[in-house]
Amino acid sequence: MVRVPKRLRLVGYRLLQAIPVLIGIVVVSFLLTRALPGDPAVYFAGPAASEESIEQIRVSMGLDRSLPVQFFAYVGDLLRGELGQSISTGQPVLTELTTRLPASLELTGFALLFSIAVAMPLGILAATRPNSWIDHLCRFVVTAGVSLPTFFTGLALVYLFYFLLGWSPAPMGRLDILYLSPPHVTGFYVIDALIDGDFETARAALAQLILPAVTLGLFTLAPIARMTRAAMLQVLEGDFIRTARAAGLSGNKVLYTYALRNAILPVITTLGMVFSFALGANVLVEKVFAWPGIGSYAVEALVVSDYAAVQGFVLSMALLFVILNLLIDVTYTLVDPRLGMED
């Protein structure tokens with residue numbers, strides 16, 4: 001009998017657990033979109049359309065059928081890998097999502113890298129120096145990060161770095177109009193331009209990315225810094241840390257080898273939750289910086305009751321959340337093999 005590795009069994013078990021969650025999300029997203037105000041047939045027909053033409057469009061879109069019939073038709077399309085046609089853009093929803101998702105992932109990924117680079121050292125320093133100025137700075141950054149709305153922070157940064165100082169390019173999308181988009185490889189402009197060897201385009205794409213990424217990163221660094229500080233404080237009070245210090249180990253070895261490794265698990269959980277939340281909630285940042293991501297696409301679809309686009313957005317977010325949780329579970333077992341490996 002072939003013995004499946006434990007880590008592979010964990011992945012399979014988590015995927016099986018995700019199936020009922022995805023089924024529930026399909027049902028809920030379908031019902032919620034049908035509860036939206038407005039009639040998509042009216043929007044699609046235009047302001048000058050007659051009642052007869054609106055009714056013809058409603059029939060062609062299948063909206064004249066009962067909700068159960070519409071639902072099973074929608075599930076049938078999903079099983080064939082089709083997410084429907086967006087009435088607001090006229091393009092297949094799957095095409096719109098695959099085109100716009102890399103833009104949102106690039107923005108959220110850079111924002112999370114900025115958050116980690118600032119929040120984790122800040123949380124560690126605050127935990128090792130309680131009630132010092134660095135601890136007060138950490139509390140101030142955490143409070144400001146969660147208190148200031150992202151659109152306010154974004155507008156303030158645009159006013160300062162673009163309008164007053166002129167250090168930043170115009171907040172108009174992913175790339176200045178003077179540059180051509182790099183050849184599509186990953187969908188991330190900075191990485192694709194580097195792969196193509198076009199360092200000037202990579203620099204321009206990075207310049208466009210800095211302000212929106214910092215705006216989103218200032219919001220997401222607050223929970224990371226707070227969790228890092230709390231987890232490190234708890235671990236540093238442990239008996240094994242006092243024993244390590246009494247044994248004469250250096251401060252850096254105790255801090256980074258023993259304390260940080262034991263405190264990193266709740267921080268990893270927070271990182272996963274923050275990434276999922278930021279990916280779905282970065283719509284205000286995308287609007288401020290005219291960033292062509294899926295967040296702004298979903299809001300535009302909600303305004304016109306674009307059922308297929310909204311359902312596609314919700315389903316894609318759910319799939320990303322499932323994949324992210326799976327990665328977190330596997331990362332847990334890599335950091336501490338005792339976790340998540342029980343039969």
Side-chain angles (χ1 to χ4, degrees), residues 6-26 28-29 78 83 93-94 96-120 123 145-146 150 186-188 190-191 209 212-213 216-228 231 263-286 291 293-298 310-337 339-341:
K6 290 182 177 179
R7 192 163 287 124
L8 194 58
R9 274 186 285 162
L10 171 68
V11 173
Y13 180 63
R14 291 291 188 268
L15 288 177
L16 286 176
Q17 283 184 319
I19 292 176
V21 176
L22 293 177
I23 293 174
I25 289 171
V26 169
V28 171
S29 63
L78 283 183
L83 295 178
V93 173
L94 187 59
E96 291 282 356
L97 292 177
T98 52
T99 303
R100 293 168 178 266
L101 185 59
S104 292
L105 287 176
E106 185 179 41
L107 172 59
T108 309
F110 271 84
L112 200 61
L113 287 177
F114 170 76
S115 299
I116 294 172
V118 175
M120 289 193 66
V146 297
T150 52
T186 63
F188 297 178
V190 177
I191 297 175
L209 186 59
L216 191 60
L218 288 174
F219 179 71
T220 57
L221 69 81
I224 301 173
R226 184 164 50 190
M227 181 54 68
T228 304
I264 201 67
L265 287 178
V267 178
I268 292 175
T269 305
T270 305
L271 286 175
M273 295 175 64
V274 165
F275 184 83
S276 305
F277 178 75
L279 189 60
N282 60 5
V283 55
L284 293 177
V285 179
E286 292 183 359
W291 199 261
I294 57 172
S296 55
Y297 174 64
V310 176
Q311 289 167 177
F313 170 77
V314 174
L315 194 58
S316 61
M317 286 295 99
L319 285 172
L320 280 174
F321 193 76
V322 168
I323 294 171
L324 198 61
N325 274 284
L326 182 62
L327 290 176
I328 291 173
D329 288 341
V330 175
T331 306
Y332 269 20
T333 65
L334 295 176
V335 175
D336 189 346
L339 299 176
M341 304 298 287

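Starting from 1, each residue takes its place in the sequence as its number.
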Provide the closest heavy-atom pair for [X] versus [Y] in the form atom of the first, atom of the second, distance.
X	Y	result
A231	A263	CB-O, 3.6 Å
G293	A103	CA-CB, 4.2 Å
G217	F114	CA-CD2, 3.8 Å
M317	I294	CE-CD1, 3.1 Å
A318	I25	CB-CD1, 3.2 Å
A278	L216	CB-CD2, 4.3 Å

Flag side-chain contact, heavy atom, 4.5 Å: [X] against [Y]:
X	Y	value
L105	F275	yes
V93	Y297	yes
E96	T99	no
I224	M120	yes
E106	W291	yes

Check: Counting N and O atoms only, with roles assigned by atom type, does the side chain of T220 sit under 3.5 Å from a partner on the main chain of V274, one being a donor and the other an acceptor?
Finding: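 Such a contact is absent between T220 side chain and V274 backbone.
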Check: Okay, side chain of S104, backbone of L101: is any donor-acceptor separation there less than 3.5 Å?
Finding: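 A pair under 3.5 Å: no.
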Nearest 0.5 angstrom please: [X] [atom1] to [Y] [atom2], how far?
X	Y	atom1	atom2	answer
L221	I116	CG	CD1	11.0 Å
S115	F219	OG	CZ	10.5 Å
E286	T150	CD	OG1	10.5 Å
L265	T270	CG	OG1	10.5 Å

Next item on the list: For a side chain to side chain contact (heavy atoms under 4.5 Å, CB included) with V26, tell me which candidate from V21, L315, V314 qualifies.
Entry: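 Among V21, L315, V314, the one meeting side chain to side chain contact (heavy atoms under 4.5 Å, CB included) with V26 is L315.
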Checklist line | F321 atom CZ, neighbour heavy-atom count above 12 within 6.0 Å | finding: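 Atom CZ in F321 is not crowded, with 12 or fewer foreign heavy atoms closer than 6.0 Å.
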